[in-house]
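Since the structure comes first, as structure tokens, the remarks are kept for the end.
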Amino acid sequence: MASTSVTIRMDENLKRQAESLFDQMGLNMTTAITIFAKAAVRQGKIPFEVAADPFWSEANQTRIRETMKNYDLNKLIYKTMDELEAMANE
């Protein structure tokens, strides 16, 4: 089977971390990315769940802005664990 080159761009720090991890597994970057591509083709999807980080959700960002505003006003807000869990489920 003929091979071809693929060029990708990623954060330099991420690349170093990935190379270190793959090295610990006995893999190089090319082999690791090839494993990923083969799994994606075989499964017909990205072979793991891709989800947004809930930290960046609009609801959470609104809570953070409100909390910072209250902090700036020296206004402390106390919540029970039940209230916090209810907020997390909104």
Side-chain angles (χ1 to χ4, degrees):
M1 175 183 328
S3 62
T4 187
S5 293
V6 176
T7 303
I8 61 171
R9 298 186 66 75
M10 73 172 62
D11 177 80
E12 186 177 338
N13 188 41
L14 174 61
K15 179 179 180 272
R16 279 195 301 271
Q17 290 174 340
E19 286 174 329
S20 176
L21 174 65
F22 299 149
D23 184 58
Q24 293 171 35
M25 296 175 181
L27 305 171
N28 60 31
M29 184 73 80
T30 298
T31 303
I33 292 173
T34 299
I35 290 170
F36 166 80
K38 285 182 177 184
V41 169
R42 184 176 55 253
Q43 295 176 29
K45 63 178 189 168
I46 293 177
F48 48 83
E49 182 181 349
V50 178
D53 182 343
F55 177 82
W56 298 106
S57 71
E58 186 55 41
N60 193 49
Q61 293 300 304
T62 299
R63 283 189 207 110
I64 290 171
R65 284 190 292 275
E66 289 172 3
T67 300
M68 294 307 297
K69 184 174 81 178
N70 288 327
Y71 177 80
D72 289 341
L73 297 172
N74 291 323
K75 181 179 175 186
L76 298 177
I77 299 173
Y78 297 93
K79 299 275 185 193
T80 65
M81 185 56 79
D82 289 336
E83 291 172 320
L84 292 172
E85 287 173 353
M87 288 174 63
N89 293 326
E90 290 177 355

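Counting begins at 1 with the first residue of the sequence.
The backbone N or O of Trp56 sits nowhere less than 3.5 Å from a side-chain atom of Asn60 that would complete a donor-acceptor pair.
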Q. Do Arg65 and Gln61 pass the side-chain contact (heavy atoms from CB on, under 4.5 Å) test, and can you show the C-alpha distance, the side-chain angles, and the key distance before you say yes or no?
A. CA-CA 6 Å; Arg65 284 190 292 275; Gln61 293 300 304; 3.6 Å; yes
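The distance from atom NZ of Lys79 to atom CE of Met87, rounded to the nearest 0.5 Å, is 5.5 Å. The CD atom of Glu66 sits 6.5 Å away from the OG1 atom of Thr62 when rounded to the nearest 0.5 Å.
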For residues 26-45, run the donor-acceptor check on the side chains, cut-off 3.5 Å, and write out each pair with its distance to 0.1 Å, sequence neighbours left out.
unit_1	atom_1	unit_2	atom_2	d
Asn28	OD1	Thr30	N	3.2
Asn28	OD1	Thr31	N	2.7
Asn28	OD1	Thr31	OG1	2.9
Thr34	OG1	Thr30	O	2.8

In a table with atom names and distances, give each donor-acceptor pair under 3.5 Å that connects a side chain of residues 3-13 to protein atoms at least two apart or in another chain.
unit_1	atom_1	unit_2	atom_2	d
Asp11	OD2	Asn13	N	3.0
Asp11	OD2	Leu14	N	3.0
Glu12	OE2	Arg16	NH1	2.9

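In this structure, the side-chain hydrogen bond (donor to acceptor under 3.5 Å, both in side chains) partners of Glu19, at least two apart in sequence or on a different chain, are Lys15.
Residues Leu73 and Tyr71 form no side-chain contact, since every pair of their non-hydrogen atoms from C-beta on lies 4.5 Å or further apart.
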